[in-house]
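As the structure lists them, so they are numbered: ligands from 1, and atoms in each ligand from 1. When a residue number appears, it is its place in the shown sequence, counting from 1.
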Amino acid sequence: MKRIGMLTSGGDCQALNAAMRGVVKSLLNSGQDVEIYGFLNGYRGLIYGDFKMLTGRDFSGILTVGGTILGSSRTPFKTIKDPDENGLDKVEAMKQNYYKLQLDCLVVLGGNGTHKTANLLREEGLNVVTLPKTIDNDLYGTDMTFGFQSAVDIATNCIDCIHTTAASHGRIFIVEVMGHKVGYLTLNAGMAGGADIILIPEIPYDIDKIVEAVKQREKNGSKFTIIAVAEGAISKEDAKLSKKEYQKKLEKSKYPSVSYEVAAQIYEKTGQEVRVTVPGHTQRGGSPCPYDRVFASRLGAEAGKLILKGEYGFMVGYRNREIVKVPLEDVAGKLKMLDPDSTIIKEAKMLGISFGD
Ligand code: F6P
């Protein structure tokens with residue numbers, strides 16, 4: 001008998017259910033008897049002992065369903081060691097619930113913050129296996145995270161829709177793409193949607209270069225311009241500020257996000273109207289794309305294999321087209337960013353895409 005605790009933590013994404021289904025199916029199909037404890041709403045469920053018992057049936061019919069059957073929440077790592085409002089030691093509480101239920105291991109699905117806590121639990125002596133989820137694809141130790149390709153589809157569809165109206169009206173349009181502090185999602189959706197200018201956090205922009213690119217398009221006879229802007233895009237001047245100074249600037253800013261600031265600056269410098277579209281959380285919603293269904297199922301199956309072998313302390317990741325196990329201590333606390341000198345950026349530039357640099 002294996003007693004498994006499972007939880008999904010942090011911002012949700014597509015294929016969380018597919019991944020959990022993969023874990024459970026692979027365990028059950030091996031003939032292993034399994035008891036599954038589904039902790040509700042991320043680490044919160046583990047802290048407060050809020051769980052439901054699940055059977056194989058609960059994982060049936062969820063391959064294509066977005067969201068997570070367990071619910072999710074953000075439990076910031078930076079305050080995980082602080083007592084809660086009632087003085088409860090959260091780390092100790094998670095350990096006690098784990099031992100009380102006599103779990104063999106925890107299966108944790110999450111992104112960066114989630115992995116820091118998962119690694120802490122490993123250091124505290126719990127058996128942990130993790131799976132890499134996030135639309136941002138910014139998790140260290142894996143070339144790909146599930147959710148990413150589905151989000152690329154949605155953001156690309158948004159740019160495609162903007163394209164036709166931009167062409168009709170001869171306007172400049174900005175589409176703001178999620179991705180937190182990294183540009184994978186914006187770069188991929190931008191290239192797939194044929195954006196003319198792509199702004200990502202890893203390549204700070206110069207507004208004059210953006211205006212130059214817009215004017216050059218006009219000179220070449222193009223009546224419209226599509227700009228894909230990462231929510232974390234940053235200007236060259238702002239990139240020189242300290243973290244604190246930049247935070248202060250954002251707090252004082254009259255713009256809801258960087259895209260609106262870029263739009264106002266383009267208007268100021270060209271007199272041309274700019275429209276901003278923010279698909280926001282739609283990028284995390286809905287059914288996973290086929291790639292993510294397959295990918296998450298494979299990762300889940302491999303996680304099941306690790307559990308059967310009793311190999312704990314790993315994230316099941318994907319590197320150089322192979323599914324691999326990555327030690328949690330190598331993943332936790334590191335951010336995977338786009339390399340501005342990577343071939344994909346060079347190729348995008350060869351296609352005439354401006355990065356505003
Ligand atoms: O990490 C996934 C993500 O969707 C980011 O792309 C985005 O910056 C953030 O989560 C939004 O977080 P929340 O759902 O808490 O607003």
- prompt: With side chains defined as the heavy atoms from C-beta onward, is the minimum distance between Leu7 and Tyr37 less than 4.5 Å?
  reply: no

message: As a test of understanding, state which of Thr8, Leu54, Val107 forms a side-chain contact (heavy atoms from CB on, under 4.5 Å) with Met20.
response: Thr8

- request: Return yes if a side-chain donor-acceptor contact under 3.5 Å exists between Arg293 and Ser287, otherwise no.
  value: yes

query: Arg74: heavy atom below 4.0 Å from ligand 1, yes or no?
result: yes

query: What atoms of ligand 1 come closer than 4.0 angstrom to any heavy atom of Met178?
result: 4 (O), 6 (O)

- prompt: Taking distance alone, with no angle check, do Ile135 and ligand 1 share an N/O pair under 3.5 Å?
  reply: no

- request: May I ask you to list the atoms of ligand 1 that are less than 4.0 angstrom from any heavy atom of Gly179?
  value: 6 (O)

field: atom 16 (O) of ligand 1: nearest protein contact (heavy atom, Å)
entry: His281 NE2, 3.2 Å

Side chain, backbone, both or neither: Glu231 near ligand 1, heavy atoms under 4.0 Å: side chain

- line: In this structure, atom 2 (C) of ligand 1 is nearest to the protein heavy atom Asp136 OD2, 3.3 Å

Under-4.0 Å salt bridge between Arg217 and Asp196: yes

- request: Inspect the contact between Lys349 and Asp357 and indicate whether a charged nitrogen and a carboxylate oxygen are less than 4.0 angstrom apart.
  value: yes

message: Just to confirm my output: which protein heavy-atom neighbour is closest to atom 11 (C) of ligand 1, and how far is it?
response: Arg284 NH1, 3.6 Å

- prompt: Any ion pair linking Arg321 and Asp143 (charged N to carboxylate O, less than 4.0 Å)?
  reply: no

